[in-house]
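Notes for the one structure printed next.
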Amino acid sequence: MGGDDLGQVRVRVRPADRRTVPFFRGIDLENRQIQTRLGIGALALSALLIFYGIPQWVSAPSNVRNIVLSPVFWPYVLAGLTGVIGAALLFSGAVRGEPGEPLNPPIDDTGRGYVRLAAMGAIMIVTMLVIGRLGMVWTSIAVFLATAFLVRTRHPVLAVVCAIAVPLILYAFFAHVAGVAIPQGDFVRLP
């Protein structure tokens, strides 16, 4: 170490072809890493809900005739599904994906990303403004479609089918099985 090296800081420069996630410039995320981290997080959340959250904060009356209508049934189902998805993500991260495979291709124009972010905010604002007039089901269909095409889904046909089927199935369950009133719109009312 000569006298000329004093006071200098060595900086490691990344190659231009390495991909980083915006706002986390120093962290490289690969498919394998993100799936493993999401899997661990989902398993931890599932365990927390099953063993602490639901027993501590969800109470159920003892006179519920149908288990499906019990206030604790669906939280346990969702917590269990979260655990299954977490395990599947862990398995997928361990089995699939090359070690250097990036999470997403890099965005050349970051301005387009900010425009899409602003559009998502606009979708949320419009949702709150029209939900009273259109109703929960029709607004949910429109929001699902708008969001799916905003993020440029790779499966547009499946997105359209899910955008229509999921709100209608949920409406049918809550309105006709659980007996919960779902907000209807002013124009088209569902049976």
Side-chain angles (χ1 to χ4, degrees), residues 19-25 27-43 45-46 49 53 68 73-75 77-89 92-93 96-97 101-191:
R19 282 132 174 122
T20 57
V21 176
F23 304 113
F24 297 101
R25 294 268 181 230
I27 302 173
D28 291 328
L29 293 178
E30 300 169 351
N31 274 334
R32 177 177 270 177
Q33 291 172 330
I34 195 73
Q35 287 176 347
T36 303
R37 291 177 186 178
L38 285 174
I40 291 169
L43 284 172
L45 177 65
S46 175
L49 288 173
V68 174
F73 177 74
W74 290 108
V77 167
L78 293 176
L81 287 174
T82 301
V84 168
I85 290 170
L89 282 169
S92 177
R96 296 176 55 199
E101 187 179 338
L103 178 63
N104 285 320
I107 298 174
D108 295 331
D109 183 16
T110 56
R112 288 175 48 196
Y114 288 119
V115 168
R116 286 167 53 192
L117 180 63
M120 190 66 218
I123 288 172
M124 290 183 212
I125 291 169
V126 169
T127 300
M128 298 314 298
L129 295 176
V130 302
I131 201 164
R133 305 218 81 195
L134 290 181
M136 181 76 77
V137 175
W138 302 112
T139 304
S140 298
I141 291 171
V143 167
F144 196 118
L145 285 171
T147 304
F149 290 108
L150 177 67
V151 298
R152 295 187 196 141
T153 180
R154 295 178 188 153
H155 310 286
V157 174
L158 183 62
V160 171
V161 170
C162 288
I164 295 169
V166 170
L168 288 176
I169 291 169
L170 287 174
Y171 169 77
F173 172 77
F174 282 107
H176 299 295
V177 176
V180 175
I182 302 295
Q184 296 276 345
D186 296 336
F187 306 110
V188 180
R189 299 186 67 80
L190 294 170

Smallest separation among heavy atoms of Ile131 and Thr139, with atom names
CA-OG1, 3.5 Å
Nearest-0.5 Å distance, CG of residue Leu81 to CH2 of residue Trp74:
9.0 Å
Which heavy atom of Gly93 sits nearest to which heavy atom of Thr36, and what is that distance?
CA-OG1, 4.2 Å
Mind checking the CE-CG spacing from Met120 to Leu117? Nearest 0.5 Å is all I need.
9.5 Å
Nearest heavy atoms of Pro191 and His176, plus distance in Å:
O-NE2, 3.0 Å
Donor-acceptor pair, side chain of Thr153 and main chain of Phe149, under 3.5 angstrom:
no
Of all heavy-atom pairs linking Leu89 and Gly39, the shortest is CB-CA, 3.8 Å
Taking atom CD1 of Ile123 and atom CG of Leu150, what is their separation to the nearest 0.5 Å?
5.0 Å
dist Ile85:CD1 -> Leu43:CG (nearest 0.5 Å) comes out at 10.5 Å
Pairwise distance OG(Ser46) to CG(Leu78) - rounded to 0.5 angstrom:
10.5 Å
Output the distance between atom CG (Leu38) and atom CD (Gln33), rounded to the nearest 0.5 Å.
11.5 Å
Would a 4.5 Å heavy-atom cut-off, applied to side chains only, mark Arg133 and Trp138 as touching?
no
Mind listing the closest non-hydrogen atom pair of Phe144 and Ala159 along with its distance?
CE2-O, 3.7 Å
Are side-chain heavy atoms of Ile182 and Phe173 found at a separation under 4.5 Å?
no
